[in-house]
Structures are given as structure tokens and as C-alpha cells.
2 protein chains.
Amino acid sequence: MISFDNFNMTDGSPIYLQILLYIKRGIIAGIICDGDELPSRRVLSALLGVNPNTVQKAYKMLEDEGLIQSRTGAKSYVVVTEAKLTEIRAELLEADAMEAVAKLKQMGVSQEEAHGLIDKYWNGGE
Amino acid sequence: MISFDNFNMTDGSPIYLQILLYIKRGIIAGIICDGDELPSRRVLSALLGVNPNTVQKAYKMLEDEGLIQSRTGAKSYVVVTEAKLTEIRAELLEADAMEAVAKLKQMGVSQEEAHGLIDKYWNGGE
DNA sequence: AAAACTGTATTAGTGCAATAATACAGTTAG
DNA sequence: CTAACTGTATTATTGCACTAATACAGTTTT
């Protein structure tokens, strides 16, 4: 069963997207694997303190991407092929790295300073 | 006059926040300086293709933070003291670096790989 | 078989971001 | 002075994220 223990939900972006990305990043990290059982819509919504429809929206998008499999009445499972794994890994790593680089460059940070910032905040920061 | 030439507006976050951050990051980079003239609400809204009220909301927040000065009928100007500069630099660098680190760690990326990603996307990517 | 779970769907309502259309007051340029 | 700009304010409307309350169909457990 997938764990949502260190799920945060504080960045202001739509909750259904946060759930979607949490699962995608977990798959990329290898923490969430092919065949893993997902918490039901109702259970996860109660766990996160959000509406079941919000979870359903995230799950629906994951299913449309072929990353989970659902069928009425039964539990939902993760479906990850090697192809999809490399696909979403490239997609998310590129998106996140480019976003961070763009922001830092816009603030006039040098490449070396960027490395320093990564190191500074990698283990707690400060 | 402040330039909005490489303003992007594609990340899905509220536009008034994007404008606010664009100006803050410009100040941190030293591209936007104390005394600089801001485009008027109407001019900038036309330039970005958004509603004047959206620009006004961003400008209003900047004024509440003391980073710009407005007065009815006249143009608006940037106001930056050394203290405020160091304050927002710490605020934004910390926020952006921590966000990037959190995302990469969540994907199981190592510290060394993170450095590699920064380098890869620093100059165009690929 | 019955109970307790699953997924799925629908309808209604709230809040915020953004647009649209004005209006008014003060400043600046010709 | 007048015209053309500034900032500021108001009201109405749209769209989306999210909540709420159901309902129904299928599966699993006992």
C-alpha cells in the first residue's frame, strides 16, 4: 500500500496536481512500484482531509496517463512499465530542473552559487 | 523604465504573483534598481495581454511591502533599501532553492545528480 | 446472501483569479 | 488651459478548484 506520510500540501498549487505529482515522483524514486495497491478515493481523501472528488480527479488523470489501473468495485493499482518510467522521469526532472534554473538565473545567481545553494538546503538548510 | 521583455507567464500560478515575483527577482538580480520607473498599470496590462486590475493587484502588494511607491496621477517608482534587498534575497533564494531540493529529493535524485542537472539546464539544456 | 467495501457519476454551492466596463481624482505635457 | 496621461475604486461576470451530499454499480469479505 502506497504511503502518503510525508505528503505536504502547502505549495498553493491545486491539490489534485499535488497528489498526481506526489505519485509520479514516488514512481521515479522507486518508492512506488508496479503492482502497488493505492489507497481508495475515500480513504485517501479522509487521510489528507480533502474531498473525495479531489482525489478522484488526480486518480482519473493518472489512469488517463496509464499509470494506474482502476475498475469499479475493486481496488486500484499502479501500472509502471520501463518505457513509462523513463518517460515521466525525463518529463519531471526536466521540468523541475529547468524551473529552478530559470528562477535562479533570473535572480542573477551564478552557476557556482546555484551549486552552493543546493548543498546548503540539501541537508535541512542553515 | 523597467523591461518586461523576457517575462514568461506560463507556469499556471496566478498572474499577479508572477508579476510580483518577476519584479522582486529583478531587484535581487540588480536589473531593477531604486528609483526605476515602472510601466503604468494600463501600459503593462496591454503589454502582457492581461487585465489592468491584475497588474494593479501586483503593484498594490509591492507597495504594501514598501518596494514601490505610487501616488495618484503620477508614475510609480521602485524603492529599494539595502535592508529590503537582503531581506527579499534571502526570502526568495531560500524559497526557490528549498522547493527545488525538495522535489529532486522526492524523486530519489542524489546531491551529485542534482548538480549535474543544474549544469545540464544552465545553458539551454540538452 | 449480506455487509462493507470499492469505483464512478451527478448536482449544487463556495471562493478566488481574472476579465470587462466604467468612473473619478490627480499629474504632466503640449 | 486642455488633453492625455497617471493611480484608484466599484460592480458584474466567467471559469476553475474545491467542497458537500448523494446515488448507483460492481467487488470482496464474512
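The sequence lines fix the lettering, A, B, ..., with proteins before strands; numbering per chain opens at 1.
Within the 4.0 angstrom heavy-atom criterion, only backbone atoms of the sugar-phosphate kind lie near B:R71; the bases stay farther away. In this structure, B:Y59 reaches neither bases nor backbone, as no heavy-atom distance under 4.0 Å exists between it and the strands shown. Here A:V43 lies in heavy-atom contact (under 4.0 Å) with sugar-phosphate atoms only. Within the nucleic acid shown, A:Q69 has no heavy atom closer than 4.0 Å to any nucleic acid atom.
Between C:dT6 and A:S76, no contact under 4.0 Å exists linking OP1 or OP2 to a side-chain N or O. A close approach under 4.0 Å does occur between a side-chain nitrogen or oxygen of A:Y16 and OP1 or OP2 of D:dA17. Phosphate proximity of C:dA17 to B:T54: absent, as no side-chain N or O sits under 4.0 Å from OP1 or OP2.
Distance CD (A:Q56) to P (D:dA17): 15 Å, rounded to an integer number of Å. The NZ-P distance, from B:K60 to D:dT10, rounds to 12 Å in whole Å. The CG-P distance, from B:D11 to C:dA17, rounds to 15 Å in whole Å. When the P atom of C:dA18 is taken as reference, atom CE of B:M61 falls 11 Å away, rounded to whole Å. Atom pair A:I19:CD1 and D:dA17:P shows a separation of 13 Å (rounding to whole Å applied). Taking atom NZ on A:K75 and atom P on C:dG7, their separation rounds to 9 Å, with Å as the unit. Rounded to whole Å, the distance from CZ on B:R41 to P on D:dT10 is 15 Å. Atom P of nucleotide C:dC5 and atom CE of A:M1 are separated by 13 Å, given to the nearest angstrom.
Looking at which nucleotide of DNA chain D each of A:G73 and A:L17 is closest to, the 5′-most match is held by A:L17.
When distances run from any side-chain atom of B:P14 to the nucleotides D:dC24, C:dT28, C:dA18, the shortest one goes to C:dA18. Listed candidates were D:dT19, D:dT28, D:dG7. Nearest to the side chain of A:V50 is D:dT19. Of the candidate nucleotides C:dT8, C:dA9, C:dT6, C:dA9 has the atom nearest to the side chain of A:N53. The listed nucleotides are C:dT8, C:dT27, D:dT8; the one nearest the side chain of B:T72 is D:dT8. Closest to the side chain of B:K57, from the set C:dT6, D:dT27, C:dA17, is C:dA17. The side chain of A:R42 sits closest to D:dA23 out of C:dT10, D:dA23, D:dC18.
Note: A:Y22 and A:F7 have perpendicular aromatic rings, judged against thresholds of 30 and 60 degrees for the angle between ring planes.
For A:K60, the NZ atom sits in a loose shell: 12 or fewer heavy atoms of surrounding residues, nucleotides or ligands are nearer than 6.0 Å.
In this structure, B:E65 pairs ionically with B:K24, as a charged nitrogen and a carboxylate oxygen lie closer than 4.0 Å. Salt-bridge annotation for B:E99 and A:K103: present, with a side-chain N of the basic residue lying under 4.0 Å from a carboxylate O of the acidic one.
Evaluation of atom-type donor-acceptor distances gives a pair under 3.5 Å for the side chain of A:N51 against the base of D:dA20.
Considering CD of A:Q18 and OG1 of A:T54, their distance stands at 11.0 Å, rounded to 0.5 Å.
When only modelled atom types and interatomic distance are considered, B:S70 and B:R41 share a side-chain donor-acceptor pair under 3.5 Å.
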